[in-house]
Structure formats: structure tokens, C-alpha cells
Amino acid sequence: YVQFKDLDVLRDRVIEKIRTEIQRDVQIGSAQLDFTEGIGVQLGDVTLKGASAQESDFTCKKVLVLLHWLPLLKGEIKIHQLIFEGLTVQITRDDQGAFNFGDLSAVKANRSGTTLPHLIRAGQMHNVSVRKSELWFVDHLISSGSEPLITKIKNLSLSFSKQSMKSSLR
């Protein structure tokens with residue numbers, strides 16, 4: 001309970017951790033305790049700026065971080081599930097063929113050496129869900145000189161669990 005007493009401090013620590021890990025600007029509008037789907041913290045209005053820092057490549061209305069309750073009794077925080085609701089991801093390819101996310105595979109060699117698939121495989125997080133979300137692909141390479149080709153996938157819902165990620169994510 002002591003760790004959740006001041007959620008603004010927790011929110012600021014999460015922002016700093018994400019900035020350090022992926023070297024991008026992150027904003028989180030709100031943080032509050034949430035018990036709708038288990039013990040958790042709800043983060044509202046989450047934004048991740050792109051490599052150019054001009055546009056947001058990732059916005060999410062609500063990120064629910066569900067926690068294992070048993071470790072809480074020992075004062076530890078272990079994530080059980082991440083639920084992204086109202087997520088919008090925009091992938092942009094410029095007229096030179098470079099993507100707005102850059103080489104995110106380089107992020108896997110981050111400071112802690114921990115990636116989302118590693119957390120899932122290690123049993124520290126079991127589920128990731130995406131609900132009511134959109135994926136945008138804006139391609140300037142195919143249509144150089146004119147309006148970009150825009151492909152939108154709307155009302156996207158996905159769920160990944162530890163069992164389905166054993167061999168597919170490395």
C-alpha cells in the first residue's frame with residue numbers, strides 16, 4: 001500500500017523509466033488505483049512521441065497495469081497483465097524508406113537488458129491485451145511526391161498470453 005500512496009510519484013517514476021529504456025518522450029496524464037479487473041493501476045492519456053518528436057506515434061486512452069496480489073503482501077510489485085484500451089499506433093515510412101520508430105530492435109539491448117517478451121517468458125508478466133484500438137500505416141515511399149498512402153485498421157483487439165508467446169517472440 002505504501003508504494004501506491006502517492007500515484008503521481010509512481011507515474012513520474014514510470015515516465016522516467018520508459019524514457020530511459022526507449023529514449024523517447026513519454027507523457028502520462030493520470031494515474032489511479034483500479035479494481036475493475038483485479039488489483040491494478042490505471043494510466044490515462046498515455047503518449048509516446050516518435051523519433052522526430054514532432055508527432056505522437058503511440059497514444060492510449062487507458063493503460064491498465066494489473067498486478068499479482070501475492071507479491072504485494074511482501075511489498076513487491078509484479079505485473080500480471082497489461083491492457084491497452086483505445087490505443088492508436090501510427091507507423092510512418094518516409095520517402096527514403098525509413099520508419100518513424102527507427103530501429104526498435106536496438107531497444108532490446110537497453111539498460112536493463114529486459115524486453116516485454118523476456119518479462120513474459122520469465123513468468124513476470126503473463127498477458128498483454130489490446131482493446132478497441134487502431135493501427136495506422138502512412139506510407140510516403142509508395143506515393144512519393146503526392147499524398148501518402150494511408151491504411152487504417154480500426155476496432156482492433158488482440159490478446160497475447162505467455163503460452164502463445166513461448167516460441168514466437170524472441
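Sequence positions, counted from 1, serve as the residue numbers for this chain.
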Can you sort out the partners of E134 under side chain to side chain donor-acceptor pair (under 3.5 Å), two or more places apart, ordered by chain and number?
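Testing E134 for side chain to side chain donor-acceptor pair (under 3.5 Å), a comparison that skips the adjacent residues, returns W136.
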Counterpart residues, side chain to side chain contact (heavy atoms under 4.5 Å, CB included), relative to [X] (two or more places apart):
{"X": "T47", "value": "Q27, S56, T59"}
{"X": "K61", "value": "none"}
{"X": "I153", "value": "L135, L156"}
{"X": "L73", "value": "W69, L70"}

Reported [atom1]-to-[atom2] distance for the pair [X] and [Y], which is rounded to 0.5 angstrom:
{"X": "S157", "Y": "K132", "atom1": "OG", "atom2": "NZ", "value": "8.0 Å"}
{"X": "D57", "Y": "F99", "atom1": "CG", "atom2": "CZ", "value": "12.5 Å"}
{"X": "S30", "Y": "L43", "atom1": "OG", "atom2": "CG", "value": "7.5 Å"}
{"X": "N127", "Y": "L66", "atom1": "CG", "atom2": "CG", "value": "9.0 Å"}
{"X": "K62", "Y": "L87", "atom1": "NZ", "atom2": "CG", "value": "13.5 Å"}
{"X": "H140", "Y": "I142", "atom1": "NE2", "atom2": "CD1", "value": "11.5 Å"}

Establish whether [X] and [Y] are linked, either directly or via other cluster members, by ILVMFWY side-chain heavy-atom contacts under 4.5 Å.
{"X": "L33", "Y": "V46", "answer": "yes"}
{"X": "V41", "Y": "F35", "answer": "yes"}
{"X": "V26", "Y": "V65", "answer": "yes"}
{"X": "L48", "Y": "V89", "answer": "yes"}
{"X": "V130", "Y": "I91", "answer": "yes"}

Find out whether [X] and [Y] are in side-chain contact, i.e. whether some heavy atom of one side chain is under 4.5 Å from a heavy atom of the other.
{"X": "I83", "Y": "V63", "answer": "no"}
{"X": "F84", "Y": "V128", "answer": "yes"}
{"X": "R93", "Y": "L141", "answer": "yes"}

Considering all heavy atoms, the nearest E85-C60 contact
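Minimum heavy-atom separation between E85 and C60: O-SG, 3.4 Å.
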How far apart are the closest heavy atoms of S133 and G86, and which atoms are they?
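Nearest heavy atoms, S133 then G86: OG-N, 3.9 Å.
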Counting distance only, does the side-chain N/O of N100 pair as donor-acceptor with the main-chain N or O of Q90 below 3.5 Å?
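Confirmed, N100 side chain pairs with Q90 backbone.
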Within residues 31-44 or reaching into it, pairs that qualify as side-chain hydrogen bond (donor to acceptor under 3.5 Å, both in side chains) - sequence neighbours excluded
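For residues 31-44, and leaving out neighbouring residues, the side-chain hydrogen bond (donor to acceptor under 3.5 Å, both in side chains) pairs sorted by first residue read D34-T36, E37-R131.
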